[in-house]
J.: 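I'd like to ask some things about the structure below.
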Protein chains: 2
Amino acid sequence: MTNNITRQDFERSFCPVACALDELGDKWTLLIIRDLLLGKKRYQEFLASPERIATNILADRLKKLESAGFVRQQIYQQKPVRCQYILTQKGKDLRPVLQALVTWGKIYYPGSRVLDAVE
Amino acid sequence: MTNNITRQDFERSFCPVACALDELGDKWTLLIIRDLLLGKKRYQEFLASPERIATNILADRLKKLESAGFVRQQIYQQKPVRCQYILTQKGKDLRPVLQALVTWGKIYYPGSRVLDAVE
DNA sequence: AAAATTGGCTTGTATAATGCAAGTCAATAT
DNA sequence: ATATTGACTTGCATTATACAAGCCAATTTT
């Protein structure tokens with residue numbers, strides 16, 4: 001690489017909202033980020049969330065989140081190798097976005113409430 | 001209707017994030033909301049945005065946004081009937097969500113910038 | 001007056017994403 | 001020895017998305 005400030009190729013446009021939605025714009029990705037922000041780390045914890053994500057979709061999203069730099073894998077035991085998923089700074093910095101969505105959602109979906117944090 | 005506080009049926013879960021993503025979780029819906037917040041109102045204005053949404057998807061999303069109460073149609077001329085789309089309070093209140101996404105996106109997609117407001 | 005353009009869509013078809021159930025595989029617990 | 005756990009993968013049906021073209025009424029241009 002000739003320089004370390006890599007140019008984005010702006011999949012659909014140069015708008016930060018469009019760029020964000022290229023990586024986050026579906027029904028599941030932000031729910032996994034929500035779980036991670038609440039302290040969940042493992043496959044079974046994500047599967048246990050009330051929205052009942054399918055295993056193939058979860059595996060796919062975790063892969064995409066990792067290659068997009070939102071999470072990294074951390075091995076927490078050998079034999080058998082088991083890993084957990086940890087938010088990177090890019091992922092953690094989505095907290096204000098999720099928080100704004102929660103504030104809005106609690107108004108427009110009366111009766112809704114956030115899940116309890118893990119631990 | 002027997003009362004005016006309608007109960008949500010919580011498509012996937014009672015989480016405000018999940019409820020929000022049931023209505024907003026795709027690659028296009030929030031871009032249309034962005035356009036509306038920037039002052040765009042008409043079909044051709046949405047089509048002119050740099051992401052190049054397809055006409056059938058735009059028509060579908062405007063229909064869904066209307067039935068979900070994010071926008072309402074306003075006829076601005078008869079012969080032929082032409083209408084524009086106006087954000088409801090529910091739609092307008094998404095501004096902080098979009099703003100948080102822009103703040104985040106400008107950091108993680110260097111070189112990205114928001115479109116100019118209309119008018 | 002005829003032809004082209006504008007605005008707001010709809011239709012058809014191909015490709016991709018999502019959802020559901022079941023299966024795999026290594027290791028640990030019973 | 002058998003069952004269970006954890007992290008997936010595979011197969012297949014359904015649904016969503018993308019792209020191109022077409023439609024229709026009215027207005028503008030030639």
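Lettering follows sequence order; numbering is per chain, from 1. The model shown is predicted, which means the values in this text are computed figures rather than measured ones.
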J.: Tell me the interatomic distance from B/Leu58, atom CG, to C/dG7, atom C1', rounded to whole angstroms.
T.: 12 Å

J.: Rounded to whole Å, please give me the gap between NZ in B/Lys63 and P in C/dC9.
T.: 8 Å

J.: Are any protein N/O atoms closer than 3.5 Å to N/O atoms in nucleotides 15-19 of chain C? If there are, list each pair with its distance.
T.:
unit_1, atom_1, unit_2, atom_2, d
C/dT18, OP1, A/Arg61, NH2, 3.1
C/dT18, OP2, A/Arg61, NH1, 3.4
C/dT18, OP2, A/Arg61, NH2, 2.3
C/dG19, OP2, A/Trp28, NE1, 2.4

J.: Please give, in whole Å, the distance from C/dT28 C1' to A/Gln77 CD?
T.: 10 Å

J.: When the distance from CZ of B/Arg42 to C1' of C/dG7 is rounded to whole Å, what number comes out?
T.: 10 Å

J.: Any luck finding a side-chain donor-acceptor pair between A/Tyr109 and B/Glu23 under 3.5 Å?
T.: yes

J.: Taking atom P of C/dG7 as reference, at what distance in whole Å does atom CD of B/Gln84 sit?
T.: 13 Å

J.: If the threshold is 4.0 Å, N to carboxylate O, is there a salt bridge linking B/Lys27 and A/Glu11?
T.: no

J.: Select base, sugar-phosphate, or nothing to describe what A/Tyr76 touches, counting heavy atoms under 4.0 Å on all strands.
T.: sugar-phosphate

J.: A/Gln84 and side-chain hydrogen bond (donor to acceptor under 3.5 Å, both in side chains): which single residue from A/Lys41, A/Gln74, A/Lys40 fits?
T.: A/Gln74

J.: Give a yes/no answer on whether the side chain of A/Tyr85 brings an N or O atom under 4.0 Å of OP1 or OP2 in D/dC8.
T.: yes

J.: Can you work out whether B/Leu62 or A/Thr55 has the more 5'-proximal nearest nucleotide on DNA chain C?
T.: B/Leu62

J.: How close or far is atom P of D/dA25 from atom CD1 of B/Ile75, stated in whole angstroms?
T.: 17 Å

J.: Only one of A/Ile32, A/Asp35, A/Leu31 forms a side chain to side chain contact (heavy atoms under 4.5 Å, CB included) with A/Ile53, so which one is it?
T.: A/Ile32

J.: Roughly, in whole Å, what's the span from CD in A/Glu45 to P in D/dT5?
T.: 15 Å

J.: Is it the case that the side chain of A/Ser112 and the backbone of B/Cys15 share a donor-acceptor pair, with hydrogens and angles ignored and the cut-off at 3.5 Å?
T.: no

J.: Of the candidate nucleotides C/dT28, D/dA7, C/dC9, which contains the atom at the shortest distance from the side chain of A/Lys79?
T.: C/dT28

J.: Is a side-chain donor-acceptor pair under 3.5 Å present for A/Thr29 with A/Lys64?
T.: no

J.: Rounding to an integer number of Å, can you tell me how far A/Leu47 CG sits from D/dT9 P?
T.: 13 Å

J.: Is it the case that B/Arg42 places NZ or CZ above or below the six-membered ring of B/Tyr76, under 6.0 angstrom from the centre and within 45 degrees of the axis?
T.: yes

